[in-house]
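Written below as structure tokens is the structure these notes are about.
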Amino acid sequence: MNKITSCKAKEIKDSRGNPTIEVEIGSEDVFMSASVPSGASAGSREALEKRDEDGKGVQTAIKNVNEIIGPAIMGLDVEPLNIDELLLELDGTENKSNLGANAILGVSIATTKLKAKLENKPLWQYINEISGVRVEPSQPNLFMNVLNGGVHAKFRLPFQEYIVISGGETVKESYGKSLVFLKKLGEAIKEKYGKVEMGDEGGFSPEMKTIEEPFELLSNLMDSDMVIANDVAASELYKDGVYSVLGEEYSSGQFLNIYKNLVENFPIGSIEDPFDESDLPSFENITREVKNWDAKALRKGIMEDVLIVGDDLTTTNTESILDSTRNKRANAVIIKPNQIGTLSEVYKAVKLARGAGWKIICSHRSGETMDTFIADLAVGVGAYGLKAGSPSQEVRRVKYERLLEIEKEMEK
Ligand code: PGA
Ligand code: ZN
């Protein structure tokens, strides 16, 4: 059995230029590393990302890997699930506030990559086996960010993310279609809005004046086999019981009506965090109501349901997911490893949500790195979607390109 013989962390920069952590784990002369992304519109129940006293640095997290976790795992078998268990014990808190979810996740992912490498298996295949998901590995739909607002772009657009999903038999085909769409969109935006800024996830970020405007722009350019997905990230719009968008205030009931009109008039196939993470009755209402709406996306025949997706609502946390599946607050879930900290917990979250009939969407964070792990994760757990931003940024493009590579590996 291969033993862990080295474990080192260092600082790298994420796509916003902020410090984050990279961990390298070795067994003799085989080394694998993992780096950890960072969110900006984070849910309040996410595991704690350890930052130094200045609120930015990651030296404490690095020290925790080099001086606490490293010595504890040295000489142990490269067995990711056992290592995860030890990490949870070492930390000993509910939200990983002792060692930091960033420190813990770096070790959890690097160990998993190392084991896959030692077993000479593609990472997605190893994940499929070890996660116990009991579904075949499969390629996800590409949730590609094209317009970016919210906290990622100084609220220039009403919602945080406008995403397109293109149909296609293969990833290569849908990726190709999405790229063509992106080019068309860029030209249309240039003509109508001039030179515009970009958001943190690489989507165009023109300033828009109405809730309908982005949907009009997108749907006019879309082919018949494309749908729009949104991440409203409504927790960022909510204060004192009302939702503020473009200077107007809306009650939960009014906001629900806005969604109904949008879903009936535009090809919207998926809405993430449509309400604040504490506005639970509204999640229950929309999940029930959406089935009765005359959804334009469903008329295209490429989706069976309009997805109501939990992210801040569920934070990849098994207890939150269980609570939300029991109360039917969504029908799909975002899976972000750094919301919870270990891959063992990620696998549990996936199994729990899928057991309730929910769709799984694996996701990047707004502050990303060149690590392509989430692409392998999405394929390994047979996720419905991979949300990886706009390929205009290299840190996002490499995730899509990893899927293309996996497509070839799967043919072997
Ligand atoms: P975040 O945004 O990474 O800034 O949290 C992504 C999301 O809300 O899904
Ligand atoms: Zn989100």
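Both counts, for ligands and for their atoms, begin at 1 and track the order of listing. For the numbers below, each heavy atom of this structure counts, side chains included, while hydrogens, waters and symmetry mates do not. We count residues from 1, following the sequence as given.
The distance from ligand 1 to the heavy atoms of K387 drops below 4.0 Å at these ligand atoms: 7 (C), 9 (O). Interface of E272 with ligand 1, defined as ligand atoms under 4.0 Å from a residue heavy atom, comprises 9 (O). Near D311, meaning under 4.0 Å from any of its heavy atoms, are these atoms of ligand 1: 7 (C), 8 (O), 9 (O). Taking every heavy atom of Q160 and a limit of under 4.0 angstrom, the matching atoms of ligand 1 come to 2 (O), 6 (C), 7 (C), 8 (O). Set against the non-hydrogen atoms of E161, the atoms of ligand 1 under 4.0 Å away are 6 (C), 7 (C), 9 (O). Ligand 1 places these atoms under 4.0 Å from at least one heavy atom of D231: 7 (C), 8 (O), 9 (O). Atoms of ligand 1 found under 4.0 Å from any heavy atom of G39, numbered from 1 in the order shown, are 1 (P), 3 (O), 4 (O), 5 (O). Near E201, meaning under 4.0 Å from one of its heavy atoms, ligand 1 places the atoms 2 (O), 6 (C).
With 3.5 Å as the limit, one finds a donor-acceptor pair spanning the side chains of S205 and R156. Checking T93 against D91 by side-chain atom types alone, a donor-acceptor pair falls below 3.5 Å. Inspection of the S166 and S178 side chains reveals an N or O donor paired with an N or O acceptor under 3.5 Å. For the residue pair T369 / S35, a side-chain donor-acceptor distance below 3.5 Å is found, with atom types taken as modelled.
Between atom 2 (O) of ligand 1 and the options H152, R365, E46, the minimum heavy-atom separation is to H152. Checking K336, Q339, E368 against atom 7 (C) of ligand 1, the nearest heavy atom belongs to K336.
Taking the centre of each ring, Y250 and Y243 stay at or above the 6.0 Å mark. Residues Y238 and F275 place their aromatic rings such that the two centres sit no closer than 6.0 Å.
Atoms OH and OG1, on Y400 and T372 in that order, are 13.5 Å from each other to the nearest 0.5 Å. Distance CE/M32 to OG1/T112: 10.5 Å, rounded to 0.5 Å.
At least one heavy atom of S41 sits closer than 4.0 Å to an atom of ligand 1.
A salt bridge is absent between D225 and K300; no separation between the charged side-chain nitrogens and carboxylate oxygens falls under 4.0 Å.
Taking any N or O of A233, backbone or side chain, none lies under 3.5 Å from an N or O belonging to ligand 1.
With sequence neighbours excluded, the residues satisfying side chain to side chain contact (heavy atoms under 4.5 Å, CB included) with V290 are W293, V306, I308.
Counting only protein N, O or S atoms closer than 2.8 Å to the Zn ion (ligand 2) gives 3.
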Can I get a per-line list of side-chain donor-acceptor pairs under 3.5 Å for residues 135-146, giving both atom names and the distance, sequence neighbours left out?
residue : atom : partner : partner atom : Å
Q139    : NE2  : L403    : O            : 3.2
N141    : ND2  : Y384    : O            : 3.0
N145    : OD1  : L147    : N            : 3.4
N145    : ND2  : E201    : OE1          : 3.2

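Screening residues 301-321 for salt bridge (Lys or Arg N to Asp or Glu O under 4.0 Å), with sequence neighbours left out, gives D311-K336.
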